[in-house]
Amino acid sequence: MAVESEAPLIVQSPSGDNSVSFFLNKEGEAGYKVMYKNQSVIDSSWVSFDFTNMPSIKGSLKVLNTTTDTKNETWSMPWGEQKEVVNQYNSLTVELQETSELQRKFSMIFKVYDDGVGFRYAFPKQENMNEVLIANENTDFQLTGDHTVWWQPGDWDIYEHLYNKSKFSEIDATTKRDHPNLAQTYIPVNAVNTPVTMKTAEGLYLSFHEASLINYSDMTLQVDPATFKMKSNLVGSENTEYKVKQQTPFSTPWRTIQIADKAGDLIESKLIVNLNEPNKLGDVSWFKPTKYVGIWWEMHLNKSTWDMSAQQDMGSFTDKAKPHGKHGATTENAKYYIDFAAKNNIHGILVEGWNTGWEHWIGFEDREGVFDFVTSYPDYDLEEVVRYGKEKGVELIMHHETSAAPRTYEQQMEAAYKLMKNLDIHAVKTGYVGKIIPKGEYHHGQWMVNHYQKALETAAKYHIAINAHEPIKATGLRRTYPNFISREGLRGQEFNAWANDGGNPPNHLPTIAFTRMLGGPIDYTPGIFNIKLDPWKKDNQVNTTLAQQLALYVVIYSPVQMAADLPEYYEAHDDAMQFIRDVGVDWDETKVLNGEVGEYVTIARKEKGTDKWFIGSITNEEARALTINLDFLDAGKTYKATIYADGENAHWDDNPTEYVISSEDVNNSSQLQVKLAPGGGAAISILPL
């Protein structure tokens, strides 16, 4: 095994708690270590690159030059979990060159923060390195023990897997896992997707991810259970031997390690966004964070369909929302939802199934060219829906399902976005359900990474924000392109409506908060009040209490939050609906008050531009009694706290809709005692008097 030899180059975080050492061994191989408070976090780890069009870069390296830098700046989020973000780090750049014949050059750039470490590779323009075809990027992460890990398999097509909890030595991600939207998932080696979160025996929390994923392939992490080592495993393609094609000069994404004493500090960390470039779009005030309703959940319940072909009588299920049969996206139905939104302080509406092509969208090999992104079905008057919505103060969120045929989308992209601009529509939900066409490409490979980026940059020209489903993972690009507002990229609420494995278990969301959410905003579509899904889906249900569904508006962050259930179920619980009317979607401050991965978490957020605070607390299958200190409130002020809590006999399965609402006056010396039922939660609004 290669061992370090030359004296290392060391860079520390501003506090001195985190440090990175860079070194070369006797063979001229590049390596690094990471320390936290004199405790080894990453032991000697080695880096190299394999190519299909040239020899590997591995050994025979020398240090040409080193530079250090320090930065301490504060930048403003146009929308986000907090208004101001401190970006403070010390950096080390090591310029390397081969001593062998080709004398190729590249640099390793380290940025060391108090909340973690990021490093990337930069390849300059050079004579012996023009077109670069990367077969493998070999970035090692040598762990120091058999950590507890919350992981999901390193699937090249979807992130819609449940998280597993195991010791590192017990990770087995190679088992085939069927998915209802795909013929099969592709997991080529024993690898995990990122973010992957760990807890050491000493109680330190780590999370591994990447930042600024542009014109490159998604990085999964291949696991060697026997040696506690991970190695980058880039997503490939069946159409090429290489995984990444680049031209010098170029830089890779940042490889990131978040480090925290407390689990909640991982959520508060801004390492991922800080490692991205500043805002390139300028003023994005045309996008307004919002709550929204939608013609969406009713399709998952089979109350209606996306397409017009199944115009069947709904029998006893027919109601005022469905005057014309089973197609959901009708003008009348949209107006029904708009009226409901306008009455409930909700300012957005999503309409899925509005455009032609849904009859032939999934499971068909010839589905390229099927969808038309500017032509409505005959029973949906797009212009009238937009007009009516604006009259009521409710803006349309457009929907573009590509059916994983991105070339069709790219051909129509300009026309679709131009139509949106002409109608003054500023947000779109995109979807990529199915196996990618062209065949052989994967959702997470470089080909699709570039497609998602093209959609993002094209949309920005038309003042359009994107909420992507079946997306590439979030890597902090919302800083550079703040029109990338949210995305799915996890097992969302919809699984509860049709998954044959029982849906998302109660530990799912307390795990998501410390894993997937570290990457960025999540469009989870909370707020289901009809927990048992009667009469629509008697074999399915939501595996939380109603009170937890309210708490999710605070816990699971997104600048667009859906009130996902059917309006009639909100009307049946109008007192609980008050929290959805009140809760904010854009924040000045965020504080994680407590939490353990996969068990529970409590988050407080202060609404942007107001003195209103909102708290969400959720738990897994275990009931909990928690004390919430309100010392973050302004001194000298009195507030009214309204607590939406689980009832005494509430239970996610046995009694999910029992809740109690109480209120009391509080100040910054107050404490709130909350009891969370199994699979339960508490939602609290704290409004100044």
Go through the structure and list residues passing salt bridge (Lys or Arg N to Asp or Glu O under 4.0 Å) with Asp501, not counting sequence neighbours.
Arg491
Parallel, tilted or perpendicular: rings of His400 and Tyr409 (30°, 60°):
perpendicular
Centre-to-centre under 6.0 Å for Phe371 and His360, is that the case here?
no
Partner residues of Thr70 under the side chain to side chain contact (heavy atoms under 4.5 Å, CB included) criterion, sequence neighbours left out
Asn90
Measure the acute angle between the ring planes of Tyr524 and His508, then classify it against the limits of 30° and 60° as parallel, tilted or perpendicular.
tilted
Can you give me the closest heavy-atom contact between Tyr113 and Asn18, atom names plus distance?
O-ND2, 2.9 Å
Taking the six-membered ring for Trp and the full ring for Phe, Tyr or His, determine whether the centres of Trp46 and Phe23 are under 6.0 Å apart.
yes
Could you tell me whether Phe287 and Phe484 have their ring centroids closer than 6.0 angstrom?
no
My understanding is that only residues two or more places apart in sequence, or in another chain, count here; which of them pass salt bridge (Lys or Arg N to Asp or Glu O under 4.0 Å) with Asp523?
none
For the residue pair Asp50 and Ser56, confirm or rule out a side-chain donor-acceptor distance under 3.5 Å.
yes
First locate atom CZ of Phe22, then atom CD1 of Ile10, and finally report the distance between them rounded to the nearest 0.5 Å.
12.5 Å
Name the one of Glu210, Lys473, Gln152 that satisfies side-chain hydrogen bond (donor to acceptor under 3.5 Å, both in side chains) with Thr194?
Lys473
What pair of heavy atoms forms the shortest contact from Leu281 to Pro482, and how long is it?
CD1-CD, 3.8 Å
Please state whether the rings of Phe141 and Tyr32 are parallel, tilted or perpendicular, taking 30° and 60° as the class boundaries.
perpendicular
Partners passing salt bridge (Lys or Arg N to Asp or Glu O under 4.0 Å) against Lys231 (at least two apart in sequence or in another chain):
none
Qualifying salt bridge (charged side-chain N to carboxylate O under 4.0 Å, His left out) pairs with a residue from residues 137-147, counting only residues at least two apart or across chains
Glu137-Arg255, Asp140-Lys229
Applying the salt bridge (Lys or Arg N to Asp or Glu O under 4.0 Å) criterion to Arg104, which one of Glu98, Glu127, Glu95 satisfies it?
Glu98
Can a cation-pi geometry be assigned to Arg367 and Trp361, taking NZ or CZ under 6.0 Å from the six-membered ring centre and within 45° of the ring axis?
no
Ring-ring centroid check Phe49 Tyr121, cutoff 6.0 Å:
yes
Go through the side-chain N and O atoms of Asn215 and Gln446 and say whether any donor and acceptor fall under 3.5 Å apart.
yes
Would you check if the distance from the ring center of Tyr442 to the ring center of Trp447 is below 6.0 Å?
no
Do you know which two heavy atoms are closest between Met129 and Thr248, and how far apart they sit?
O-OG1, 2.6 Å
In this structure, CD1 of Ile437 is separated from CZ of Arg407 (nearest 0.5 Å) by 7.5 Å
Is a side-chain N or O of Asp115 found less than 3.5 angstrom from the main chain of Leu266, in a donor-acceptor match?
no
Exercise: identify the closest heavy-atom pair between Ala455 and Ile466:
O-CD1, 3.5 Å
Those residues at least two apart in sequence (or on a different chain) that pass salt bridge (Lys or Arg N to Asp or Glu O under 4.0 Å) with Glu410 are Lys454
